[in-house]
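Side-chain atoms are counted along with the backbone in the values below, which use heavy atoms only and exclude waters and symmetry mates. Chain A is the first sequence line, chain B the second, and so forth, proteins listed ahead of strands; every chain is numbered from 1.
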4 protein chains.
Amino acid sequence: MDSGSERAVPRKRADARRNEKALLDAASAAFVASGVDVPVRDIAAKAGVGVGTIYRHFPTRADLIVAVYRHQIEACAEAGPALLADSGTPHTALVQWINLFVDFLITKHGLAEALQSDAAAFQTLHAYFLDRLVPVCDQLLDAAVAAGEIRPETDAYGLLRGVGNLCIGAGNDPRYDARRLVQLLIAGLRLR
Amino acid sequence: MDSGSERAVPRKRADARRNEKALLDAASAAFVASGVDVPVRDIAAKAGVGVGTIYRHFPTRADLIVAVYRHQIEACAEAGPALLADSGTPHTALVQWINLFVDFLITKHGLAEALQSDAAAFQTLHAYFLDRLVPVCDQLLDAAVAAGEIRPETDAYGLLRGVGNLCIGAGNDPRYDARRLVQLLIAGLRLR
Amino acid sequence: MDSGSERAVPRKRADARRNEKALLDAASAAFVASGVDVPVRDIAAKAGVGVGTIYRHFPTRADLIVAVYRHQIEACAEAGPALLADSGTPHTALVQWINLFVDFLITKHGLAEALQSDAAAFQTLHAYFLDRLVPVCDQLLDAAVAAGEIRPETDAYGLLRGVGNLCIGAGNDPRYDARRLVQLLIAGLRLR
Amino acid sequence: MDSGSERAVPRKRADARRNEKALLDAASAAFVASGVDVPVRDIAAKAGVGVGTIYRHFPTRADLIVAVYRHQIEACAEAGPALLADSGTPHTALVQWINLFVDFLITKHGLAEALQSDAAAFQTLHAYFLDRLVPVCDQLLDAAVAAGEIRPETDAYGLLRGVGNLCIGAGNDPRYDARRLVQLLIAGLRLR
DNA sequence: CATGAATGAGCCTTCATTCAT
DNA sequence: TATGAATGAAGGCTCATTCAT
């Protein structure tokens, strides 16, 4: 019935989509294992495809990096307003949202490192994170300020970068507890 | 007879020392300009020596990195007890000492990044920093805890790594104020 | 019964012919723009077909090149006898025919270059040009020799290659006037 | 006696110079065999050195090409005034000089091809040839014009490019006689 | 001891060609 | 038959490291 219209649009992409999924999985794993600078060949090998396939799907390394992390960044961004609506106070929502962000970063070893790199290949990644998350963070900070819970002059951009930096190296080293440090940082924001 | 060789030895040493000094200066400048991953040849060129000379003096990159920063780490380490003795309260001493550390890091672009790298070449650097500074930080934290100024359970190692991480990227980006974030972190330590 | 298959065959042919025409146009444009070494994909994209379609129609690059230029080579070849019949003297006919050839070449940027290439992909092209044009040139030269207008010992093959070579790079460089040089070359053939 | 000053300047370069010579020989041979686009690796292999050695001596391909042909271009350039002084008439000198140039080109298969390439890597080569040879050709043309031997309006740049183009493919093909065609071209210049 | 020439592994990227859909 | 995804060989270039001078 509707099978005609269903078939018409995607067609050939069955295998290509499978490949793209394999590529993203392989890249994600490779980024964790060896950092986002991992050689393209290694990713290709892990995905069981030729290098050309990677270049076809993701012409630049930035395209690949963004693709790997896009879904999770989106989910994080969307969680902000939801937490604000559901939580008791704005400050609680802020803490929970930051925890969400931290959990995301520290489970993706190498991502926090990539976020602070100023290499050209990462500019797009950097920009994508900021474009998506700074407004959300801003909203949460504003609400907490309006509720008289935290200092007024805090900058969302700086705070997110700080949180991101604190997550660097977490996961490699059991002696380094990024979550605790982020809590201290947020605690430092509180009035009184 | 052997007066020649006797003379020869100190002379060589003088040369070698001069060379080592030039090397360290060049490496320091190169690290600031291009990060601690800067090509060996660039350092050699800046120092006006051949690459072989660098390898002779510093067989591994870690040896060079540690040598470059040793004096400043020492100075920082020694400042800890002095501040504790001179400052009004342990907490004031802690804040001042952390500021000293932060100033050191953010004026050495690339150093904070190197400290968090888990590349083999940087292990020695990492270890040297921690060996030297963790005990000092511990001492300051203990004093502040004993004075009832900060939370008791804080770990010096984690704190120093966090402070180091917060310094990453400072200096490249006027929108990122690492000093402010470190202040918030330390503020988060305070009781009440 | 077989009316269906009878209809089917011409229909396919119509499609195929349309495709082939689009391909030749696209290839012609691409050759002009980027030389006959232009990537197959570029031609396919310009033609709006897949690369596979090109390989189906023209298994080797030479096949495609010859197909692109066949019509114009034919037209040039056929103009020879016509000019000989219409012009006042054989020498005039020769000059006009050479000018025709030169105009053809210098309006197809990259073609003269391709003609002199000894790459395997161009052998067929080379051969086709020569098979078709050398006899015509020979006829014109013979007539001019018979009329006592030019030196007798001239070889059509060499002359055509020389004229082709002189056309290389014409059109890129306003300081290089291929037509003028070809005129000098033909002038050099004249007796006296 | 003067051995001290002799030794002081060159030193280490003994092997390096040997290598450079080997490189130029290998490159020259490789250019002839495979054109000036020959892979760097092939040249390195032929010379028995690593690719790095080539890049050390000749940072760009253009540097290598110019180095390979410099001596012979110089010799050709210097022969111009000498021929003009020694030959009976300017036209004779011109013919002999052009023959010298032609002999040079057709014994370096691939060189004439490279000269007409507009690839970036060859710009320097192109420029070097023209800078060095156009003035010499101009001088010879001027003298022949002044002697009333050839047409006055001939441009040295265009003539040299034409001669160069006529030499393309000579040597691969016994049926193509570039020398003869160049003679015809120069004959075309003659008055009457 | 210092030098810097040489080495070559290793990464990136492009594209001709094949073949499953 | 047409498509275009996938492949992988090929070539460019950079540097860490070694070693003859």
Side-chain angles (χ1 to χ4, degrees), chain A residues 7 10-20 22-23 37-42 44-45 47-57 59-61 121, chain B residues 8-9 11-13 15-16 19 23 37-45 47-57 59-61 121, chain C residues 8 11-13 15-16 19 23 37-45 47-57 59-61 121, chain D residues 7 10-20 22-23 37-45 47-57 59-61 121:
Chain A
R7 260 186 236 130
R11 273 284 192 201
K12 301 291 178 74
R13 259 55 189 250
D15 54 330
R17 223 179 274 153
R18 226 189 319 284
N19 249 322
E20 187 159 323
L23 264 175
D37 282 319
V38 64
V40 174
R41 267 189 190 55
D42 291 1
V49 303
V51 290
T53 303
I54 294 191
Y55 282 99
R56 163 179 290 277
H57 286 275
T60 73
R61 184 178 288 266
Chain B
V9 174
R11 177 126 46 114
K12 294 264 181 174
R13 275 188 185 156
D15 290 4
N19 247 328
L23 264 175
D37 283 318
V38 64
V40 174
R41 254 210 262 305
D42 292 2
I43 302 174
V49 305
V51 289
T53 305
I54 293 191
Y55 280 95
R56 168 174 299 277
H57 286 275
T60 75
R61 185 178 288 265
Chain C
R11 174 121 51 110
K12 293 267 183 174
R13 273 189 186 155
D15 290 3
N19 246 330
L23 263 176
D37 282 319
V38 64
V40 175
R41 255 211 263 303
D42 292 2
I43 302 174
V49 305
V51 290
T53 305
I54 294 191
Y55 279 96
R56 168 175 300 277
H57 285 275
T60 75
R61 183 177 291 265
Chain D
R7 258 185 238 133
R11 267 290 189 196
K12 299 288 177 80
R13 257 57 186 249
D15 55 330
R17 223 180 272 153
R18 225 188 320 283
N19 248 321
E20 187 160 323
L23 263 176
D37 281 320
V38 64
V40 174
R41 270 181 184 61
D42 291 1
I43 302 175
V49 303
V51 289
T53 304
I54 293 190
Y55 283 99
R56 164 179 290 276
H57 285 276
T60 74
R61 184 177 290 266

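- The distance from atom CD1 of I54(A) to atom CG of L23(A), rounded to the nearest 0.5 Å, is 5.0 Å.
- In this structure, A22(D) and A47(D) approach most closely via the heavy-atom pair O-CB, 4.0 Å.
- If you measure from atom CZ of R17(A) to atom P of dT21(E), you get 15 Å, rounded to the nearest angstrom.
- Within 4.0 Å (heavy atoms only), V49(C) reaches sugar-phosphate atoms of the nucleic acid but no base atom.
- For the pair D42(A) CG and dA9(E) C1', the interatomic distance rounds to 14 Å; values are reported in whole Å.
- Atoms CZ (R61(D)) and C1' (dC13(F)) sit 12 Å apart, rounded to a whole Å.
- Between R61(A) and V38(A) the shortest side-chain heavy-atom distance falls below 4.5 Å.
- Along DNA chain E, the nucleotide nearest to G50(D) and the one nearest to P39(A) differ in position, and the one closer to the 5' end is contacted by G50(D).
- Each of dT1(F), dA5(E), dT3(E) was ranked by its minimum atom distance to the side chain of R56(C); first place goes to dT1(F).
- We find that CD1 of I43(B) is positioned 12 Å from C1' of dA16(F), with the value rounded to whole Å.
- Note: CG (D37(D)) to P (dT14(E)) measures 18 Å, nearest angstrom.
- Rounded to an integer number of Å, the gap from CG of L23(C) to P of dG4(F) is 13 Å.
- Residue H57(B) has no polar side-chain atom (N or O) positioned under 4.0 Å from OP1 or OP2 of dC1(E).
- Within the 4.0 angstrom heavy-atom criterion, only backbone atoms of the sugar-phosphate kind lie near V40(A); the bases stay farther away.
- Checking P59(A) against I54(B), the closest nucleotide of DNA chain E that is more toward the 5' end is the one next to I54(B).
- Under 4.0 angstrom from either OP1 or OP2 of dA5(F) there lies no side-chain N or O belonging to T53(A).
- A straight line from CZ of R18(A) to P of dA6(F) spans 10 Å, rounded to a whole angstrom.
- Contact annotation: side chain of R41(D) to base of dG12(F), donor-acceptor pair present below 3.5 Å.
- For the pair N19(A) and dA6(F), the criterion of a side-chain N or O lying under 4.0 Å from OP1 or OP2 is met.
- Remark: dT21(F) base-pairs with dA2(E). Criterion, Watson-Crick or G-U wobble with two distances under 3.5 Å.
- If you find the closest nucleotide of DNA chain F to G52(A) and to G52(B), the one lying nearer the 5' end belongs to G52(A).
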